[in-house]
Amino acid sequence: MSRIARARQYSEYLAFRSVAALIGALPLELASRWCGAGWRLVAPHLPRHQRALDNLARAFPEATPAERERIALAMWNNLGRTFAEFFHIQRIVADGRIALEPFERFEEIAKRPFIVCTLHMGNWEILSQAGLRFGLPLAGVYQRLTNPYVDEWLLKVRSPLYPGGLFDKSPATARALLKLARDGGFPAFVSDLRERRGLLTPFFGQPARSNPFPALIARVTGLPLYAARTMRLPDVRFTVRIERIEVPETDDRDADVLAATTALQAQFEEFVREAPEQWMWAHRRWD
């Protein structure tokens, strides 16, 4: 990489750190509200806004253009808030702003190793706090950023949220997580994005390529598989809900993995229908 390219990346990193410092210095609710309003104002002028509207048209063909626009604008507001709240996660936890519903279910689930999948809904970054509350060493997966300076800084910030390890997305990570699950670990995935070589499963009535790996680990290890979501409430408060996903155990492992992956995506769809404005419609989900 040339010196000019490195200098540009470092300049981007310094700008990012400046924004992070500014947001972190603001009161939590003010930072969340301002970032949400800013993203809602700017994002509709970017290309991804049209992708969000196109995805909404796929999922809700019966909705009017005005209704889909309203959902998209609320989505940008949620994403802006999520960005700001990342720099205040410790305050969110300390203030008791995360409710587990129902708490007794989480207590029961936490008694043995499991695999959990979530989606880009509400503020998904705080989902790990549900595990930390019970002392569970969740292990997460992340996508490396193109800017190595920003990537390194974010990794340092996020790593404490995943005591079981935070792995970059790669074939080696797949093997490591399978071993971790076999050794009694707690793999956690964000599994609502399009997987280029994934299995085709229905999502809002249309085939979507979905990541089969969580279901495969569950099928191979016998660990229970769960789907979890975080829903945003007023005043920077959240509820976390978790549901068991059935994993068949027949003589056809591939069919079992497909069935479990299909059930997982169906549960995700149910979560999204609860509050469509809180899901990230701007990413590519369908072919």
Side-chain angles (χ1 to χ4, degrees), residues 1-52 72-98 118-129 132 138 140-163 165-169 190 193 230 232-238 277-284:
M1 181 180 295
S2 68
R3 289 183 178 180
I4 294 177
R6 282 198 177 92
R8 183 172 63 250
Q9 288 182 336
Y10 196 71
S11 297
E12 293 171 352
Y13 165 71
L14 292 178
F16 174 80
R17 288 296 307 271
S18 297
V19 171
L22 175 61
I23 294 174
L26 293 173
L28 167 59
E29 293 189 21
L30 185 63
S32 177
R33 184 167 63 251
W34 280 8
C35 278
W39 281 47
R40 180 187 176 103
L41 180 66
V42 174
H45 302 286
L46 303 177
R48 287 208 170 199
H49 185 66
Q50 187 58 52
R51 179 187 291 175
L73 290 176
M75 173 204 70
W76 290 121
N77 180 275
N78 180 70
L79 289 176
R81 285 178 173 271
T82 299
F83 174 76
E85 290 156 4
F86 176 79
F87 306 104
H88 290 270
I89 287 181
Q90 298 305 321
R91 172 53 55 194
I92 291 172
V93 175
D95 289 351
R97 295 172 179 264
I98 306 170
T118 190
L119 68 168
H120 291 88
M121 183 173 178
N123 185 333
W124 59 94
E125 292 284 359
I126 67 173
L127 184 63
S128 61
Q129 297 301 316
L132 292 178
L138 295 182
V141 180
Y142 77 101
Q143 183 70 51
R144 284 187 180 273
L145 301 179
T146 55
N147 187 309
Y149 302 107
V150 177
D151 183 74
E152 182 181 4
W153 186 82
L154 286 175
L155 182 59
K156 288 180 180 178
V157 174
R158 296 187 71 198
S159 290
L161 305 177
Y162 296 90
L166 190 56
F167 303 87
D168 65 307
K169 190 175 181 181
V190 181
L193 296 178
T230 304
R232 179 180 301 280
L233 302 177
D235 303 320
V236 196
R237 295 185 177 277
F238 308 91
E277 71 282 357
Q278 294 194 27
W279 189 59
M280 194 170 68
W281 293 95
H283 68 74
R284 184 181 177 189

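Computed from heavy atoms alone, side chains included, the values below leave out hydrogens, waters and symmetry copies.
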Taking the side chain as every heavy atom from C-beta outward, state whether N78 and W279 have any pair of such atoms under 4.5 Å apart. no
Among all residues two or more places apart in sequence or in another chain, which pass the side chain to side chain donor-acceptor pair (under 3.5 Å) test with Q9? none
Taking C-beta and beyond as the side chain, do T82 and H120 meet within less than 4.5 Å on heavy atoms? no
Just to verify, what does H88 make a side chain to side chain donor-acceptor pair (under 3.5 Å) with, not counting sequence neighbours? none
Check M75 against A282 and note the closest heavy-atom contact, atom names and distance. SD-N, 3.8 Å
The reported gap from CG in L127 to CE in M121 (rounded to nearest 0.5 angstrom) is 12.0 Å
Donor-acceptor list for residues 14-34 side chains, cut-off 3.5 Å, not counting sequence neighbours:
unit_1 : atom_1 : unit_2 : atom_2 : d
R17    : NH1    : Y13    : OH     : 2.9
S18    : OG     : L14    : O      : 2.9
E29    : OE2    : R97    : NH2    : 3.4
S32    : OG     : R81    : NH1    : 2.8
S32    : OG     : E85    : OE2    : 2.8

Taking Q278 for its side chain and R232 for its backbone only, find out whether a donor-acceptor pair lies under 3.5 Å. yes
Roughly how far apart are L79 CG and N123 CG, rounded to 0.5 Å? 10.0 Å
Contact summary for L154 and L145, nearest pair of heavy atoms: CD1-CD1, 3.4 Å
Which heavy atom of D168 sits nearest a heavy atom of V141, and at what distance? C-CG1, 4.4 Å
Once side-chain contact (heavy atoms from CB on, under 4.5 Å) is applied, do any residues pair with L233, and if so which ones, sequence neighbours excluded? R237, T239
Criterion side chain to side chain contact (heavy atoms under 4.5 Å, CB included) against L193, the qualifying member of Q143, R284, H283: H283
Residues 38-49 vs side-chain hydrogen bond (donor to acceptor under 3.5 Å, both in side chains), sequence neighbours excluded, gives H49-E69, H49-W76
Sequence-distant partners of R91, side chain to side chain donor-acceptor pair (under 3.5 Å), two or more places apart: D95
Would you please name every residue forming a side chain to side chain donor-acceptor pair (under 3.5 Å) with W281, sequence neighbours left out? none
The complete set of salt bridge (charged side-chain N to carboxylate O under 4.0 Å, His left out) pairs with one or both residues in residues 150-160, sequence neighbours excluded, reads E125-R158, R144-D151, E152-K156
Counterpart residues, side-chain contact (heavy atoms from CB on, under 4.5 Å), relative to S159 (two or more places apart): L155, L166
From F87 CZ over to C35 SG, what is the distance, rounded to the nearest 0.5 angstrom? 8.5 Å
What are the two closest non-hydrogen atoms of L132 and P160, and how far apart are they? CD1-O, 4.2 Å
